[in-house]
Amino acid sequence: MKYAPRLPRKFYRQDTLHVARHILGQRLVHLEAGGERLVGIISEAEAYVGSEDLACHARVGRTQRNATMWGEAGHAYVYFTYGMHWMLNLVTERAGYPAAVLLRAVIPAEGVERMRKRRVGRPDAQLTDGPAKLCQAFGVDRQFDGHDLCGPAAVLFIERGVMITDQSVTSGPRVGLNTVAEPWKSMPWRFCITRSFAKQLQEEIGS
DNA sequence: AGCACGATTAACT
DNA sequence: GTTAATCGTGCTC
């Protein structure tokens, strides 16, 4: 069995908005310790760009929690919020500049049984359709903060997937920024695959 | 040492 | 539509 190539570090070094837009259609992969291979096609992502962006964790400066965002591109920034949820981000741009892309949803493609086990009682459509849900389904938590997605030992990384044309992408304001000041609250830095194209992808996976 | 809150979710009305 | 759950984090005292 031959797998698609993994996205190289130079991909993550690009402008964060570009990465957020072009991560759509790529494949999030977790090679579990037990040998299981989990894959999801990325269908929604958001950009968080620098200390000036008042929605970005970097707004408070560098802390122990957000330090990974200041590091080299191509690493995972995983943080804990709301007392119970983990969030997975991909660090972007140059080292020393804090920016990342939040993965908000994927379409399950491989290892669905494992995801169902981690998300007991949920219908398949709700296995990975939220940033905390996909972390739960993929078993992503604190231990992956700082994980090198591009290193030879990576067990969490992004594989090349399908190209998504502009007509199959929507963008809009980021989600959950209730107390964030303008203009940051309304910047259209959230990117989604359209419903119809997502449906098409799901049918291809199912067949 | 104490406190308010969050890049959410699930279960309500 | 609203709200409780639940705790690490960063800020204040």
Side-chain angles (χ1 to χ4, degrees), chain A residues 12 15-24 26 28 40 42-71 73-93 97-108 112 115-147 149 156 158 169-193 198:
Chain A
Y12 301 99
D15 178 83
T16 306
L17 292 182
H18 178 91
V19 174
R21 158 65 181 83
H22 292 280
I23 203 72
L24 298 179
Q26 314 289 1
L28 172 67
I42 298 167
S43 58
E44 181 179 350
E46 288 176 351
Y48 288 87
V49 191
S51 300
E52 306 304 307
D53 176 4
L54 293 182
C56 182
H57 287 167
R59 67 183 177 274
V60 298
R62 182 173 177 153
T63 65
Q64 188 167 17
R65 181 201 200 196
N66 66 25
T68 305
M69 262 201 295
W70 268 264
H75 289 249
Y77 166 44
V78 178
Y79 69 87
F80 184 72
T81 191
Y82 291 106
M84 64 194 98
H85 299 307
W86 295 97
M87 303 281 158
L88 172 60
N89 300 254
L90 315 174
V91 176
T92 59
E93 305 203 35
Y97 184 80
V101 168
L102 171 69
L103 300 187
R104 290 194 56 89
V106 304
I107 299 166
V112 181
M115 299 181 199
R116 289 187 186 120
K117 259 186 173 164
R118 288 219 178 86
R119 301 264 308 140
V120 178
R122 313 291 169 193
D124 281 4
Q126 291 168 30
L127 289 178
T128 57
D129 65 336
K133 298 180 197 177
L134 74 86
C135 283
Q136 189 184 2
F138 273 71
V140 170
D141 60 19
R142 154 146 281 165
Q143 69 176 337
F144 289 95
D145 185 39
H147 190 78
L149 308 169
L156 186 71
I158 312 290
V169 175
T170 60
S171 63
R174 294 168 291 181
V175 174
L177 309 184
N178 301 312
T179 65
V180 174
E182 298 290 2
W184 310 108
K185 184 175 178 176
S186 299
M187 296 302 257
W189 291 353
R190 176 195 191 204
F191 300 90
C192 296
I193 291 180

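Throughout, a chain's letter reflects where its sequence line sits, starting with A, and its residues are numbered from 1.
Backbone-only contact: Leu177(A) has heavy atoms under 4.0 Å from sugar-phosphate atoms and none from a base.
Among residues two or more places apart in sequence or in another chain, the ring-ring contact (aromatic ring centres under 6.0 Å, His included) test is passed with His85(A) by none. In terms of the ring-ring contact (aromatic ring centres under 6.0 Å, His included) criterion, residue partners of Phe80(A) (sequence neighbours excluded) are, by chain and number, Trp86(A). Here Tyr97(A) pairs with Val49(A), Glu93(A), Arg94(A), Ala99(A) under the side-chain contact (heavy atoms from CB on, under 4.5 Å) rule; sequence neighbours left out. Residues passing the salt bridge (Lys or Arg N to Asp or Glu O under 4.0 Å) test with Arg116(A) are Glu113(A), Asp124(A), sequence neighbours excluded. By the ring-ring contact (aromatic ring centres under 6.0 Å, His included) test, Trp70(A) is found to be paired with no residue, residues two or more places apart in sequence or in another chain being considered.
Taking atom C1' on both nucleotides, dA7(B) is separated from dG1(C) by 23 Å, rounded to a whole Å.
Note on residues 98-107 of chain A: pairs passing salt bridge (Lys or Arg N to Asp or Glu O under 4.0 Å), not counting sequence neighbours, are Glu44(A)-Arg104(A), Glu46(A)-Arg104(A). Among residue pairs with one or both ends in residues 129-140 of chain A, those qualifying as salt bridge (Lys or Arg N to Asp or Glu O under 4.0 Å) are Asp129(A)-Lys133(A); sequence neighbours excluded. Under the salt bridge (Lys or Arg N to Asp or Glu O under 4.0 Å) criterion, the residue pairs touching residues 51-61 of chain A are Asp53(A)-Arg174(A), with sequence neighbours excluded.
If you walk DNA chain C from 5' to 3' and mark each nucleotide with an atom closer than 4.0 Å to a heavy atom of chain A, the marks span dA5(C) to dC11(C).
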Please write out the pairs of protein N or O atoms and N or O atoms of nucleotides 9-13 of chain B separated by less than 3.5 Å, giving the distance to one decimal.
residue: dT9(B); atom: OP1; partner: Pro131(A); partner atom: N; Å: 3.1
residue: dT9(B); atom: OP1; partner: Ala132(A); partner atom: N; Å: 3.0
residue: dT9(B); atom: OP1; partner: Lys133(A); partner atom: N; Å: 3.4
residue: dT9(B); atom: O4'; partner: His85(A); partner atom: NE2; Å: 3.3
residue: dA10(B); atom: OP1; partner: Arg119(A); partner atom: NH1; Å: 2.9
residue: dA10(B); atom: OP1; partner: Arg119(A); partner atom: NH2; Å: 2.9
residue: dA10(B); atom: OP2; partner: Lys133(A); partner atom: NZ; Å: 3.3

Dump the pairs, protein N or O against N or O of nucleotides 4-6 of chain B, anything under 3.5 Å, distances to one decimal.
residue: dG6(B); atom: OP1; partner: Thr179(A); partner atom: OG1; Å: 3.0
residue: dG6(B); atom: N2; partner: Tyr82(A); partner atom: N; Å: 3.4
residue: dG6(B); atom: N2; partner: Gly83(A); partner atom: N; Å: 3.4
residue: dG6(B); atom: N3; partner: Tyr82(A); partner atom: N; Å: 3.4

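With a cut-off of 3.5 Å on both pairing distances, the Watson-Crick and G-U wobble pairs of DNA chain C assemble into stems of 3 or more at B:1-6 with C:7-12, B:8-12 with C:1-5.
For dA7(B), the base is stacked against the aromatic ring of Tyr48(A), per a cut-off of 5.5 Å between centres and 30° between planes.
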